Amino acid sequence: MNVLEVRGLSRAFGGVHAVRELSFAVAEGTVHSLIGPNGAGKTTVFNLISGIYAPSAGQVYLGGAEITDLAAHRRAALGLARTFQNLQVFANMTALENVLVGLHMRLDMGLLPQLLRSPALRGREREARAEARELMRFAGVERYADAFPASMPFGALKRLEIARAVASRPRLLLLDEPAAGLNQTETEDIDLLIRKIGDSGVTVLLVEHDMRLVMKISDRILVLDNGRKLGEGTPAEVRRDPQVIAAYLGAAALGPKAGDIHAE
Amino acid sequence: MHAECSRGLGSALVGLAAMVIAASAAVAADPIRIGSFLSVTGGASFLGDPELKTLEMYIDKVNAGGGVLGRTLELVHYDVGDDVTKARTAVKRLITNDKVDLIIGGSSTGTTMAVVPLVEKEEIPFISLAAAVVIIDPVKKWVFKVAHTDRMACGAVFRDMKKRGLNDIALLSGTDAFGQSMRTQCLDLAGSLGIRVLGDETFGPKDTDMTPQLTKLRSVAGVKAFFIAGFGQGPAIANKNYRQLGMTLPLYQSHGVASKSFIELAGESAEGVRLPAAALLVAEKLRANDPQKPVVTAYKTAYESKFGPVSTFGGHSHDALLIAVDAIKRAGGVDKPKLRDAIEKTSGFVGTAGIVRMSAADHMGLDASAFRMLEIRNGDWVVIE
Amino acid sequence: MRRWLFAPRTGGFLVFLVLAVALPFVLPNAFFLDVAILALFNASICVGLNLLIGYAGQISLGHAGFLGIGAYASAILTGTFGWPAPLALAAGAAASGLLAFAVARPILRLRGHYLAMATLGLGVIVSIVANTERELTGGPDGMAVEPLSFAGFVVEGEAAWYWLALVLLAATVWLTINLVDSPLGRGLRAVHGSEVAARACGVDTDRYKVIAFTVSAVYASVVGSLGAHYVGFITPADAGFMRSVEYVTMVVLGGMASTFGAVVGAVILTALPQLLSSFQDYEHLVFGLILMLTMIFLPRGVVPSCAALFRRRRAP
Amino acid sequence: MGVEFLQFLLSGLTVGATYALVGLGFWIIHTACGVINFAQGEFVMLGGMATAAFLGLGMPLPVAIMLALAVAVVAGLLLERLAVEPTRNGSVVTLIIITIGASIFFRGLVQVVLDKDFHPLPAFSGEEPILIGGAAVMPQSLWVVGATAAVVLGLWLFFEHSLHGKAVRAAAANLLAARLCGIRVRFVLLLSFGMSALLGAIAGVLIAPISATYYEVGIMLGLKGFCAAMLGGLRSGWGPVVGGLVLGVVEAMGAGYLASAYKDAVAFVIILLVLMFMPRGLLGRGARSERV
């Protein structure tokens with residue numbers, strides 16, 4: 001079954017077509033990657049799927065239900081979560097509170113019990129805090145629980161965003177360049193984290209530049225160029241697609257590391 | 001977080017402690033303490049500024065002459081701007097903290113009316129410098145006033161118009177307190193004096209151009225004269241605009257601009273404008289036998305030698321202070337009920353505003369004769385007999 | 001026990017209560033009590049406004065407008081139409097709430113200075129109406145307000161008002177502290193932190209902003225009503241732009257996103273002009289200078305900056 | 001009717017031109033550092049009051065004006081160096097409060113050093129009205145409109161064609177990139193405050209012969225200038241100009257054809273409506289999508 005389905009999606013800014021008649025589907029329980037050169041429209045696709053932008057044409061389906069015109073927060077309620085290419089952590093809250101916002105939909109209740117801090121709310125808050133700590137442990141950032149983002153290293157912030165996104169127990173998680181700006185070891189840790197998320201049954205749609213990472217963890221890869229679909233398939237298929245190679249990967253990108261990918 | 005709040009509240013406490021110390025240091029006193037709260041800054045500063053200067057000058061003068069009943073006068077003053085809440089707090093401070101014997105002030109009707117309930121409750125003599133008739137009508141036991149009412153000014157203007165056969169007029173008033181009080185009083189009074197107000201427009205006190213309003217009023221048919229009621233620079237701008245538009249009908253201004261600075265601001269456009277004003281403005285031009293002449297000349301000379309052109313507003317605090325001093329002498333001290341009774345019995349006091357005859361039913365004691373009609377000719381005032 | 005004592009919801013609140021309850025017993029006379037009452041009212045308004053500015057990150061330069069709606073509703077309905085005070089207060093609050101709710105959605109879509117301009121315009125319009133509708137509001141001279149009474153009981157004298165204002169502020173502070181730490185409060189703060197991320201987390205940001213705006217407007221209206229009853233007189237200036245700026249200044253000076261900061265800012269800026277009155281002509285000059293220097297040297301506001309300093313000294 | 005309309009229009013354009021000048025001052029500083037300078041109105045006041053003070057010392061008008069402009073510019077530079085520079089990294093609201101503090105300070109200073117009276121300045125070229133199609137215009141109004149046009153032209157040349165102007169725009173677009181290109185950002189900030197003080201002071205000098213000047217004249221003009229800038233939008237320098245002229249004309253038409261009592265309210269209602277339906281001002285290009 002497809003968790004996400006995109007049909008004929010287009011979006012233009014002024015005269016520029018950022019995304020053109022894009023169609024693809026993401027099957028449940030897979031890690032699906034979106035690659036392409038800078039400016040190919042990857043982040044725009046994410047913004048269209050998560051409801052930050054409205055598409056000029058086309059439809060988006062989540063779990064079979066159309067969400068094209070739904071507000072971003074309603075999509076989140078239907079099981080869509082995401083991270084951001086340029087960090088969007090809440091700088092005015094502690095790391096733990098950031099994750100708690102991720103749990104928001106399951107915690108929100110009427111105004112009065114929140115104002116009076118009712119026993120029911122207190123109980124749920126206690127549980128939520130425990131769960132948030134657990135999520136931070138899962139993402140490997142538990143020691144920053146009471147820290148403010150300003151005092152956390154970049155890599156930890158990336159993980160914090162992932163923890164926040166996972167907190168809502170999404171069906172589909174959109175990860176926008178989770179490894180960008182990270183060093184070798186940090187990237188490998190992120191790789192592990194994404195695998196763990198995938199293993200827990202969450203479907204992942206990934207935008208990433210680090211080809212080794214992409215080739216290693218993706219079940220399927222979609223190649224985007226100039227807002228259009230250039231090719232799609234398993235990592236092995238994509239690697240062999242001459243069009244893809246010509247437009248994006250090039251011989252150099254695969255070069256000496258090619259063997260690793262075949263090994264997968 | 002506990003540190004945050006204890007810190008902040010701590011600093012607040014230090015501040016309050018400083019106020020307590022300042023307060024206790026100010027108590028030991030033998031002099032007669034006169035409290036005042038005036039609008040020395042803000043939109044009504046042209047009232048409060050000369051009022052405070054006059055008050056300070058004349059208190060020094062009284063003290064130099066040996067004080068009152070052998071005691072010196074001491075002024076405790078707070079600037080309240082246009083803020084009625086500040087006015088109320090200032091009066092509370094004057095009464096409970098500074099323990100003054102009487103209060104002079106309230107440059108504006110708003111700041112005066114805001115403190116009236118307090119003054120009545122605390123039973124302390126209070127002489128207001130503001131204009132509106134509501135201050136003393138109905139009579140309030142402890143409240144007096146020295147300034148003419150706006151109604152009297154309207155009356156003076158309308159009677160002069162009537163005399164010249166200018167029965168149909170257009171009114172342009174400011175949206176500030178003064179302008180709106182004038183507007184209400186004048187519209188109220190017009191019918192009974194046989195004046196019809198055919199056009200009625202307003203301008204903001206800080207507007208820089210009144211041409212649109214004047215253009216609109218010009219097109220009203222049958223208007224024989226214009227009346228601009230406001231104070232500050234607004235009426236001067238309107239006056240200039242009036243001439244620029246080539247309008248030639250007789251133009252009246254109100255006592256709100258009765259000061260030399262209006263002629264300065266309006267320049268040549270002020271020629272031929274008529275307005276009601278207190279005797280103070282034309283001190284030298286009064287007839288020698290005018291009972292007000294010595295008083296207004298003396299005040300004018302004293303004020304102008306120190307500060308520059310005199311205004312009627314400063315005259316109000318001159319009158320208020322001297323009425324108070326006179327009453328303290330008659331009451332033989334500052335026992336509040338006795339002082340109040342003495343102020344109420346003020347009769348025949350010659351002030352800058354006119355001759356004051358107060359009574360239990362009239363806490364102002366001025367009559368229509370207090371206003372003189374003036375015309376501006378060659379950049380100077382001429383009294384119209 | 002230690003945790004309990006040092007948490008803002010408990011320890012901080014306790015310190016605040018002890019100080020506030022002790023205060024009337026050390027103040028020498030009614031004037032000081034009067035300043036304290038005004039400070040409490042201002043603090044209440046600022047705590048409500050801080051919800052919008054400090055926590056949700058939405059500026060409002062027109063808050064005095066809502067205050068004015070409450071104040072004039074109480075003045076006109078009790079004075080001219082003889083309504084009971086609580087009913088008039090509720091009517092004012094309802095009017096403020098409806099107005100805020102009606103304009104909130106389009107206005108809160110604006111950001112930064114555009115939002116500042118829109119809220120400013122809203123407030124100015126209220127004060128222009130109050131200034132112009134002379135028959136109803138007394139025009140620029142203002143109008144007297146009846147004393148606060150309900151069910152035959154009249155709130156009179158500084159002492160009674162102090163306790164009333166204190167109960168109001170204490171309740172406000174307590175509810176606000178609860179709210180800020182609740183899911184709703186975190187949602188509001190998330191709007192401030194990053195609106196897109198908040199939406200992606202399932203926070204209905206539009207709704208939250210509307211809630212914050214409406215709640216703080218209703219709250220300002222209620223305090224405006226009570227304040228008008230206390231002072232006994234109102235003028236259009238009470239709803240004007242300068243007054244709105246004063247409230248924002250109190251919030252920012254005390255410290256944004258700090259409930260006690262809002263209280264401290266209100267107390268400082270209410271007491272300061274009284275302290276400065278001995279400077280006479282130099283009052284404004286000194287006031288402006290203090291405002292600038294505080295913000296230059298304590299840019300996050302008095303309370304958060306001092307707290308940071310304190311923490312740094314304690315933990316070397 | 002026709003003459004009336006023309007009169008309202010001319011009157012509105014004159015007033016609008018002063019709003020535009022003040023609004024441009026807001027725009028320059030906002031462009032350079034994203035701050036709305038609430039002390040902008042005080043530059044207007046300083047220009048007028050200082051001119052009046054120098055005239056009072058017996059100086060000829062042109063000299064007094066030049067010195068007054070210099071005073072305002074120095075005040076602007078000091079404000080930037082002493083108050084804004086140290087808190088550059090503070091939040092926008094912090095900077096707003098600092099500039100509000102500065103405006104209270106400037107008013108307090110002038111009130112103590114000079115006085116609280118109204119001061120008229122002589123009109124630059126007489127007070128004989130000029131008739132245009134039956135509508136009367138003051139020579140001073142032509143000065144106001146003309147000077148505003150000259151300032152707009154000068155600013156356009158500066159920002160489009162001079163190196164410094166391009167530096168300011170670059171700094172506005174991207175502070176870090178500008179710094180990497182060797183642009184001295186501190187200098188850019190100083191320059192923008194100096195220029196906006198100069199614009200404000202020019203407005204103050206121009207308007208003083210019409211409306212007289214006093215220590216609080218800047219409050220209302222500052223507010224209206226802010227309105228002008230927001231109405232037109234801060235995306236380009238044309239925003240405040242268009243916003244100012246529209247605001248001035250709307251006010252004049254409102255006072256002329258509707259109730260003058262609600263003249264100011266009409267202006268604010270229009271601003272509210274424009275902001276609600278055109279969130280980036282009249283000249284904004286619609287709501288731009290957020291970059292994520």
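Letters A, B, ... are given to chains in the order of the sequence lines, protein chains preceding strands, and every chain is numbered from 1. Because the structure is predicted, anything quoted here is derived from the model rather than measured. Atoms considered below: every heavy atom in the structure, side chains included; atoms not considered: hydrogens, waters and symmetry mates.
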- Item | Contact class of Leu285(C) relative to chain D, heavy atoms under 4.5 angstrom | both
- Turns out that what part of Phe297(C) lies under 4.5 Å from chain D's heavy atoms comes down to neither
- Query: For Ile296(C), is it the side chain, the backbone, both or neither that has a heavy atom under 4.5 Å from a heavy atom of chain D?
  - Reply: both
- Listed by number, the residues in residues 103-110 of chain D that come under 4.5 Å of chain C (heavy atom to heavy atom) are Ile104(D), Phe105(D), Arg107(D), Gly108(D), Leu109(D)
- Item | Pairwise side-chain contact, Ile97(D) with Leu253(C), heavy-atom cut-off 4.5 Å (strictly under) | no
- Task: Measure Ile271(D) against the heavy atoms of chain C and call it side chain, backbone, both or neither at under 4.5 Å.
- Result: side chain
- Task: Among Leu95(D), Ile98(D), Ile96(D), find the residue that satisfies the side-chain contact (heavy atoms from CB on, under 4.5 Å) test when tested with Met295(C).
- Result: Ile98(D)
- Heavy atoms, side chains only, cut-off 4.5 Å: are Leu120(C) and Phe226(D) in contact? yes
- Query: Under the criterion side-chain contact (heavy atoms from CB on, under 4.5 Å), which of Thr119(C), Val124(C), Leu122(C), Val103(C) is the partner of Leu272(D)?
  - Reply: Leu122(C)
- Val129(C) versus chain D, heavy atoms under 4.5 Å apart: side chain, backbone, both or neither? both
- Query: Which bit of Leu108(C) is near chain D, if near means a heavy-atom gap under 4.5 Å: side chain, backbone, both or neither?
  - Reply: neither
- Which bit of Leu82(D) comes within less than 4.5 Å of chain C, counting heavy atoms only: side chain, backbone, both or neither? backbone
- salt bridge (charged side-chain N to carboxylate O under 4.0 Å, His left out) pairs touching residues 243-272 of chain C, sequence neighbours excluded, are Asp83(B)-Arg243(C), Asp238(C)-Arg243(C), Arg243(C)-Glu246(C)
